[in-house]
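Shown next, in structure tokens, is the structure this report addresses.
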Amino acid sequence: MLSLTIPRVALRAVAPSRQLAAAAGASSVRFASTKSLKEAVAEVVPEKQEQLKKLKAEHADAPLGEITVSHLLGGMRGLKVMLWEGSVLDSESGITFHGKSIPDCQKVLPNADQIGGKGKEILPESMLWLLLTGKVPTPEEVKGLSQELAAKGKLPDYIEKIIDSLPKTLHPMTQFATAVAALNHDSKFAQGYSQGLKKADYWKPTLDDSIDLIAKLPAIAARIYYNVFGLGDGKQAIDSSKDLIANYSEMIGYGDNEGMIDYLRLYIAIHGDHEGGNVSAHTAHLVGSALSDPYLSYSAALLGLAGPLHGLANQEVLGWALAMQEAVGGGEASEEKIKEYLWSTLKSGRVVPGYGHAVLRQPDPRFTALSEFCKTRPELRDSSIVQLVQKVSQVAPGVLKEHGKTKNPFPNVDAASGCVLYQYGLTQFTYYTVIFGISRALGALPQLVMDRALGMPIERPKSMSMDSLKAFIKK
Ligand code: AMX
């Protein structure tokens with residue numbers, strides 16, 4: 001492969017391969033020649049269309065299980081009724097992204113060190129590329145994507161005005177969803193559709209809108225942080241030589257904190273996709289199936305993410321863990337005291353936040369990855385709240401098993417995510433799910449692109465009343 005050398009300077013986004021070539025000859029970072037993400041997706045689309053055609057031709061009538069009344073009454077657990085390409089969740093081994101586990105991704109996906117920045121964790125840009133194409137990008141492809149996102153990251157004035165007009169007391173997730181929905185003012189998909197775009201081309205403006213939205217999520221999130229908490233610089237200082245999260249960190253006032261920047265990269269990369277059935281991903285898919293544009297579809301997903309049984313759990317966990325810290329002490333708290341605290345939560349009729357999962361039956365590998373990150377940084381190893389959260393993760397499974405209700409007594413990702421943000425000084429819990437919201441777009445929007453490329457139909461399951469159900473069973 002052709003190898004080029006470019007300077008660490010701002011390059012325009014439109015055609016990264018050409019820009020890299022144009023910059024060849026200057027010093028410092030070495031890259032090979034590359035494609036843009038859109039070119040890479042264009043290669044994958046015909047392969048996927050062919051795969052779908054074969055699946056329909058050869059296996060259309062293959063049964064995937066039986067539907068029982070308890071499925072209908074039990075939130076459709078386990079029913080195989082959705083196509084989702086980016087990731088698959090196994091109840092025992094956890095999430096894989098196009099077949100790659102989190103440790104696999106940490107090994108093969110480009111990090112900031114490899115594109116001229118600083119950091120060892122997966123770049124969200126790398127994860128986005130993998131989720132969209134099923135392929136591991138080269139560092140230069142990731143660099144090109146980073147530059148494209150930086151070039152598209154600034155918010156139009158009307159969006160800034162909308163966010164600025166919202167009351168500070170409005171939950172940050174409601175603000176987030178509002179701003180994302182309003183971006184549909186400029187949707188290329190919506191415009192193309194109204195002008196008679198051909199169905200075979202739906203995926204193209206869907207991809208354009210998706211990239212545009214992913215690029216703007218950090219600036220929206222940073223503006224909300226500035227307005228609600230008076231933190232960060234309130235400017236959209238987007239530097240095209242920096243990756244998405246280095247820019248986001250700068251905007252929220254963490255530009256100098258290497259530990260926090262790399263943590264945010266890891267957090268955002270691994271929260272990106274968790275197959276299709278979770279509330280946020282499923283919502284994006286459902287709303288998108290009506291051919292709502294990516295902004296509307298993802299806005300709806302964010303509102304699902306804002307529920308306490310889903311994304312909001314990371315906000316809940318931290319409030320709960322800090323109350324526990326006050327009651328029992330920090331990392332040095334005894335196992336007995338932690339047990340007592342867990343029981344008092346359960347006896348008051350509340351769930352233990354950060355524990356349990358609708359699919360997983362083992363500790364969440366995302367929890368493990370974030371816990372491993374904590375071991376690599378002295379400021380986290382020595383943190384009282386991080387230590388307490390780790391200790392709880394050893395004690396809680398026994399208590400939850402004894403309690404006997406939850407099918408999965410182990411920690412999920414939300415058990416670990418907030419305490420690190422807290423330790424780094426991001427202590428505004430109501431903001432935590434916004435960071436999750438930046439992330440989930442990495443998985444939900446690529447599937448929307450694929451849905452359009454594959455011509456997936458509007459989603460319309462059958463519902464039944466209790467009377468009609470009874471009559472149906474009698475027959
Ligand atoms: N603490 C106490 N009870 C729990 C529990 C927990 N952490 N997790 C589940 N249970 C209870 C349920 O409330 C349910 O009780 P019920 O029969 O009285 O209604 C019973 O155990 C069986 O539930 P389940 O089949 O094990 O779980 P589920 O699929 O219905 O729900 C989840 C999954 C995540 C909503 C649930 O485990 C929960 O509420 N956990 C705490 C909140 C949380 O951490 N959410 C984040 C999940 C990850 C994410 O989406 N970000």
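The analysis underlying the following values was restricted to heavy atoms, covering all of them including side chains, and did not include hydrogens, waters or symmetry mates. Whatever order the structure lists ligands and atoms in, that order sets their numbers, starting from 1.
- By the 6.0 Å contact criterion, CZ on F410 is enclosed, its count of non-hydrogen atoms from other residues, nucleotides or ligands being greater than 12.
- Of the inter-residue distances, the one linking H403 atom NE2 with K347 atom NZ reads 9.5 Å to the nearest 0.5 angstrom.
- Of the protein's non-hydrogen atoms, the one nearest atom 16 (P) of ligand 1 is K405 NZ, 3.9 Å.
- Between H310 and ligand 1, at least one N/O pair is under 3.5 Å apart.
- Of the heavy atoms in A313, only side-chain atoms (C-beta onward) come closer than 4.0 Å to ligand 1.
- Shown here is K135, whose NZ atom has more than 12 heavy atoms of other residues, nucleotides or ligands within 6.0 Å.
- Interface of K407 with ligand 1, defined as ligand atoms under 4.0 Å from a residue heavy atom, comprises 25 (O), 26 (O).
- L346 CG to K405 NZ: the interatomic distance, rounded to the nearest 0.5 Å, is 9.0 Å.
- Looking only at distances, no side-chain donor or acceptor of D212 sits under 3.5 Å from a matching main-chain atom of D209.
- No more than 12 heavy atoms of other residues, nucleotides or ligands lie within 6.0 Å of CE in M76, so this atom counts as exposed by the packing criterion.
- Heavy-atom neighbours of K38 NZ from other residues, nucleotides or ligands within 6.0 Å: above the threshold of 12.
- Looking from atom 5 (C) of ligand 1 to the surrounding protein, the closest heavy atom is T406 CB, 3.8 Å.
- Distance check: D186 CG to I159 CD1 gives 7.5 Å after rounding to the nearest 0.5 Å.
- The nearest protein heavy atom to atom 48 (C) of ligand 1 is closer than 4.0 Å.
- Only the side chain of D414 comes within 4.0 Å of ligand 1, judged by heavy-atom distances.
- Judged by the shortest distance from any of its heavy atoms, L400 lies inside the 4.0 Å radius around the atoms of ligand 1.
- Atoms CG and CG, on L360 and L89 in that order, are 4.5 Å from each other to the nearest 0.5 Å.
- There is a protein heavy atom closer than 4.0 angstrom to atom 18 (O) of ligand 1.
- Nearest protein heavy-atom neighbour of atom 29 (O) of ligand 1: R77 NH2, 2.9 Å.
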Legend entry - F189/Y202 under ring pair (Phe, Tyr, Trp, His ring centres under 6.0 Å): CA gap, chis, key distance, verdict: CA-CA 7 Å; F189 177 81; Y202 282 179; 5.5 Å; yes
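- The closest donor-acceptor contact from the side chain of Q114 to the backbone of V142 lies at 3.5 Å or more, if one exists at all.
- Closer than 4.0 Å to atom 43 (C) of ligand 1 lies at least one heavy atom of the protein.
- Nearest to atom 6 (C) of ligand 1 by heavy atom, out of V352, T433, N314, is V352.
- Within the 4.0 angstrom cut-off, atom 12 (C) of ligand 1 has no protein heavy-atom neighbours.
- By the neighbour-count criterion of 12 heavy atoms within 6.0 Å, atom CD of E326 is sparsely surrounded, having that number or fewer from other residues, nucleotides or ligands.
- Every atom of ligand 1 with a heavy atom of A358 under 4.0 Å away is listed here by number and element: 29 (O), 33 (C).
- Among all protein heavy atoms, the one lying closest to atom 40 (N) of ligand 1 is Y355 O, 2.9 Å.
- Listed by number with element, the atoms of ligand 1 under 4.0 angstrom from any heavy atom of H357 are 33 (C), 34 (C), 37 (O).
- Using a non-hydrogen distance threshold of 4.0 Å, N278 does not register as a contact of ligand 1.
- Looking at G354 next to ligand 1, an N or O pair under 3.5 Å apart turns up.
- When non-hydrogen atoms are compared, ligand 1 lies under 4.0 Å from the side chain of L346 (C-beta onward) but not from its backbone.
- At a heavy-atom distance under 4.0 Å, atoms from both the backbone and the side chain of V351 approach ligand 1.
- Scanning the protein for heavy atoms near atom 39 (O) of ligand 1, the closest one is L309 CD2, 3.4 Å.
- Contact annotation for E316 and ligand 1: no heavy atom of the residue comes within less than 4.0 Å of the ligand.
- Side chain to side chain, Y226 and D164 fail the donor-acceptor criterion of an N or O pair below 3.5 Å.
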